[in-house]
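If you're wondering where the values come from, they're calculated on a predicted model, not measured in any experiment. Only this structure's heavy atoms are used, side chains among them; waters, hydrogens and symmetry mates stay out.
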Amino acid sequence: MAQQETDEQTQINDGFVVDTEDCEERELAHRERGTARPITVVGNPVLHKECKDVTEFDDSLAALIDDMFASQKAAEGVGLAANQIGVDLKVFVYDCPDDEGARHTGVVINPVLQELPAEARVLDESNEGCLSVPTAYAELARPDYAEVHGQDAQGNPIKVRGTGYFARCLQHETDHLYGYLYIDRLSKRDRKDALRQMEEGTPRYETVPNA
């Protein structure tokens with residue numbers, strides 16, 4: 001990003017972050033400082049409850065964000081919530097393309113998904129997967145536009161918006177921090193099928209076995 005530290009996001013006048021600039025440099029800077037951690041999977045209690053709000057924007061939070069970027073890269077994901085590495089805090093990171101191919105990279109603390117009026121909702125019924133439900137995919141209808149309000153790593157208020165695949169990512173990661181996995185939004189039959197896919201598959205990254 002122009003005239004900014006490479007691990008920070010810039011803002012435009014209406015408060016939305018510019019998260020499409022210097023993505024490679026920013027992601028790499030976080031990842032090189034961080035350490036990849038194993039991914040928690042469905043059944044782990046930390047994934048099934050609302051996470052705690054972040055109240056301290058300090059070095060330990062910065063270190064967590066670095067580890068999250070490292071973990072996301074190691075698992076070949078496009079988004080990662082803190083509880084997916086066992087941390088009970090409302091933080092998610094993303095490194096995700098939109099449907100036009102633009103790369104978005106950033107972090108949101110204490111995210112709140114903005115509700116769209118019914119007339120503004122256009123549903124996208126694409127497949128969805130999750131690092132915490134490894135090897136499983138299912139079709140899930142979500143709005144093709146999403147807007148999340150929260151804070152950056154320094155505690156400043158920010159807004160992030162996305163369309164298509166990136167909108168799905170923003171909704172998916174915010175869900176995580178409120179105790180929801182994407183399979184919780186499926187029909188009973190489709191949820192059962194996703195869990196069967198997970199049981200039959202082999203994760204390509206390290207996971208935390210459930211007790």
Test side-chain hydrogen bond (donor to acceptor under 3.5 Å, both in side chains) applied to T105 and D19, step by step: CA-CA 5 Å; T105 303; D19 57 7; over 6 Å; no
side-chain contact (heavy atoms from CB on, under 4.5 Å) assessment of D152 paired with I109: CA-CA 6 Å; D152 65 14; I109 317 293; 5.9 Å; no
Verdict with supporting geometry, S60 and E56, side-chain contact (heavy atoms from CB on, under 4.5 Å): CA-CA 9 Å; S60 65; E56 296 184 14; 5.7 Å; no
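Crowding of Y180 atom OH: a count of heavy atoms from other residues, nucleotides or ligands under 6.0 Å not exceeding 12. Heavy atoms from other residues, nucleotides or ligands lying under 6.0 Å from CZ of R189 number 12 at most. The local environment of CG in D59 is sparse, with at most 12 non-hydrogen atoms from other residues, nucleotides or ligands closer than 6.0 Å.
Cation-pi check for R161 over Y145 is not met; the charged atom does not lie both under 6.0 angstrom from the ring centroid and within 45 degrees of its normal. The cationic atom of R31 (NZ for Lys, CZ for Arg) does not lie both less than 6.0 Å from the six-membered ring centre of F69 and within 45° of the ring axis.
Between the side chains of D124 and Y165, not a single donor N or O lies within less than 3.5 Å of an accepting N or O. Side chains of E147 and H149: a donor on one and an acceptor on the other come within 3.5 Å.
A distance of 6.5 Å separates OH of Y182 from CG of L186, quoted to the nearest 0.5 Å. Atom CZ of F16 sits about 4.5 Å away from atom NZ of K159, to the nearest 0.5 Å.
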Quiz: residues 130-141 side-chain donor-acceptor pairs under 3.5 angstrom, not counting sequence neighbours:
from : atom 1 : to   : atom 2 : distance (Å)
S132 : OG     : T40  : O      : 2.7
S132 : OG     : Q84  : NE2    : 3.0
T135 : OG1    : Q197 : O      : 3.1

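Salt-bridge annotation for R121 and E115: present, with a side-chain N of the basic residue lying under 4.0 Å from a carboxylate O of the acidic one. Using a 4.0 Å cut-off between charged side-chain N and carboxylate O, D98 and R103 make no salt bridge.
You'll find the side chain of D144 stays beyond 4.5 Å of the side chain of L123, heavy atoms only.
Evaluation of the salt bridge (charged side-chain N to carboxylate O under 4.0 Å, His left out) rule for E206 yields no partner, not counting sequence neighbours.
Sorted by first and then second residue, the salt bridge (charged side-chain N to carboxylate O under 4.0 Å, His left out) pairs involving residues 34-48 (not counting sequence neighbours) are R37-D67.
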